[in-house]
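Heads up: numbering here begins at 1 and tracks the sequence.
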Amino acid sequence: VQLVESGGGLVQAGGSLRLSCAASGRAFSNYVSGWFRQAPGKEREFVAAISWGSGSNTSYADSVKGRFTISRDNAKNTGYLEMNSLKPEDTAVYYCAARNHFRPSSDRHDYNYWGQGTQVTVSS
């Protein structure tokens, strides 16, 4: 499956952005969808994940819980990450990932497919 992210940009602290992850090649509903981010000089870290199918199970990093919402629209083969109350420390390249398994995971090594990333910059 191929993944393409979009929706990144520059936003002021307290603002919002919605990232999209367009999937092609195989049925997106058969994959766990996850979001990770990587800031300069830091390792890639988990942000959020949603189970395959209806997406009934979600998980979030503590740092984004209550501010970010992950969702999916299988009819559109697209995943989303709604980001609210953004902080400067949220600045990073955000990556969409897919895992051929039913259970979400916070371990980046569990994901088989990755997008190219989209830059999110939050100014103070």
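- Under the side-chain contact (heavy atoms from CB on, under 4.5 Å) criterion, Glu89 pairs with Lys87, sequence neighbours left out.
- For residues 10-118, the pairs satisfying disulfide (SG to SG under 2.5 Å) are Cys21-Cys96, with sequence neighbours left out.
- Under the 4.5 Å side-chain criterion, counting only non-hydrogen atoms from C-beta, Val64 is not in contact with Phe46.
- Partners of Tyr60 by ring pair (Phe, Tyr, Trp, His ring centres under 6.0 Å), not counting sequence neighbours: none found.
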Which atom pairs, donor and acceptor, lie under 3.5 Å between side-chain atoms of residues 101-109 and protein residues at least two apart or in another chain?
residue: His101; atom: ND1; partner: Arg103; partner atom: N; Å: 3.0
residue: Ser105; atom: OG; partner: Asp107; partner atom: N; Å: 3.1
residue: Ser105; atom: OG; partner: Asp110; partner atom: OD2; Å: 2.6
residue: Asp107; atom: OD1; partner: His109; partner atom: N; Å: 2.9
residue: Asp107; atom: OD1; partner: His109; partner atom: ND1; Å: 3.0

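- Separating the CZ atom in Arg72 from the CD1 atom in Ile50 is a distance of 6.0 Å, to the nearest 0.5 Å.
- Other members of the cluster containing Tyr113 are Val1, Leu3, Tyr31, with ILVMFWY side chains joined at under 4.5 Å, either directly or via other members.
- Among pairs with a residue in residues 53-64, those fulfilling salt bridge (charged side-chain N to carboxylate O under 4.0 Å, His left out) read Asp62-Lys65, at least two apart in sequence or across chains.
- Taking 4.5 Å as the limit, some side-chain heavy atom of Ser33 sits within range of a side-chain heavy atom of Phe28.
- Side chains of Asp73 and Thr78: no donor on one and acceptor on the other come within 3.5 Å.
- The ring pair (Phe, Tyr, Trp, His ring centres under 6.0 Å) search around Tyr111 returns Phe36, not counting sequence neighbours.
- Listed by first then second residue, pairs satisfying salt bridge (charged side-chain N to carboxylate O under 4.0 Å, His left out) with a partner in residues 25-39 read Arg37-Glu45, Arg37-Asp90, not counting sequence neighbours.
- Every side-chain contact (heavy atoms from CB on, under 4.5 Å) that Ser71 has, sequence neighbours left out, goes to Tyr80.
- To the nearest 0.5 Å, the span separating OG1 on Thr118 from CG on Leu19 amounts to 6.0 Å.
- Legend: residues meeting side-chain contact (heavy atoms from CB on, under 4.5 Å) with Asn112, ordered by chain and number and at least two apart, are Arg99, Asn100.
- Within the structure, disulfide (SG to SG under 2.5 Å) pairs that include any residue of residues 24-92 do not occur (at least two apart or interchain).
- Taking CZ from Arg67 and OG from Ser85, the interatomic distance works out to 7.0 Å, rounded to the nearest 0.5 Å.
- By the ring pair (Phe, Tyr, Trp, His ring centres under 6.0 Å) test, Tyr94 is found to be paired with no residue, residues two or more places apart in sequence or in another chain being considered.
- In this structure, CG in Asn84 is found 8.5 Å from CZ in Phe68, a value given to the nearest 0.5 Å.
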